[in-house]
Amino acid sequence: MLELLPQDIDAYCRSHTSAEAPIFKEIIDYTNASESNPQMLSGYLVGAVLQLLIRSLGATRVVEVGSFTGFGTLKMAEALPPEGEVHALELEASRGHKIREFARQAGWESKVKLHIGPALESLQELAGPFDLAFIDADKENYPNYYAACKALIRRGGVIVIDNALFSGDVLDPQQPAARAIDDTNTFIADDSDVANVLLPLRDGLMIAQLL
Ligand SMILES: C[S@@+](CC[C@H](N)C(=O)[O-])C[C@H]1O[C@@H](n2cnc3c(N)ncnc32)[C@H](O)[C@@H]1O
């Protein structure tokens with residue numbers, strides 16, 4: 001995982017970003033205690049950007065590809081209006097149970113729609129339009145997730161892709177995951193259907209808006 005920010009700068013950013021509801025500390029603590037790769041959790045900066053996008057777009061329907069322990073899911077649920085829905089696509093049923101538990105605890109259960117199974121299959125079952133997609137699952141499928149999400153997103157809607165720098169490996173991609181991310185980044189930069197920016201935020205955050 002690329003850590004671009006020195007710790008003191010990260011702490012300063014955190015203390016000058018909107019405070020988080022207590023549920024997010026619970027999710028982080030649970031993830032650190034129970035998951036072997038807790039760094040997969042997206043974190044407060046990515047979460048805050050997702051919330052800003054959701055509020056700016058007036059989004060009511062969003063989809064997350066790869067939900068892990070629910071940090072991004074609940075960040076998005078919090079920012080959505082009461083009738084809004086976040087469709088959380090996650091392979092592991094046990095993680096789905098935990099997300100449901102956290103959503104219930106936070107009082108946002110009605111906004112969280114879980115889809116357990118391979119995300120590519122779940123995406124085929126969803127009907128658009130969606131306002132925002134957050135892609136954050138298995139990297140080899142990023143080109144497929146981008147294509148599937150693009151078909152679901154309305155004009156003006158946004159696709160956000162996490163780990164777009166993949167620890168810097170995109171500069172000289174040797175592994176299938178790095179190659180898939182690099183291919184996706186290149187495809188998006190050349191895609192005349194979208195305007196995009198690749199932000200050096202945490203491990204790289206690609207944001208593409210459908211024109
Ligand atoms: C980086 S984590 C997601 C982090 C989460 N978005 C967050 O904000 O904290 C990736 C997740 O994708 C899930 N995943 C991997 N392959 C998948 C697939 N084919 N379909 C659905 N989920 C998948 C993993 O089980 C894992 O929970």
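One is the number of the first residue; the rest follow in order along the sequence. No experiment lies behind these values; they were computed from the predicted model shown. Just the heavy atoms: all of them, side chains too, but no hydrogens, waters or symmetry mates, feed the values below. In listed order, ligands and their atoms are each counted from 1.
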Starting from the C-alpha separation in whole Å, work towards a yes-or-no answer on side-chain contact (heavy atoms from CB on, under 4.5 Å) for Leu210 and Lys150. CA-CA 8 Å; Leu210 267 80; Lys150 213 178 135 184; 4.2 Å; yes

I'd like the contact residues of ligand 1, where contact means a heavy atom below 4.0 Å.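 Met40, Leu41, Ser42, Glu64, Gly66, Ser67, Phe68, Phe71, Gly72, Glu90, Leu91, Glu92, Arg95, Gly117, Pro118, Ala119, Phe134, Asp136, Ala137, Asp138, Tyr145.
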
Honestly, is Lys139 close enough over Phe166, meaning NZ or CZ under 6.0 Å from the six-membered ring centre and within 45° of the axis?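 Not flagged: Lys139 not positioned over aromatic ring of Phe166.
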
For the pair [X] and [Y], find out whether any cationic side-chain nitrogen is under 4.0 Å from an anionic carboxylate oxygen.
X	Y	result
Glu101	Arg104	no
Lys75	Glu20	yes
Asp29	Lys25	yes

Locate the shortest heavy-atom distance separating Pro81 from Thr60; write the atom from each residue and the value.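 So the minimum-distance heavy-atom pair works out to CG-CG2, 3.9 Å.
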
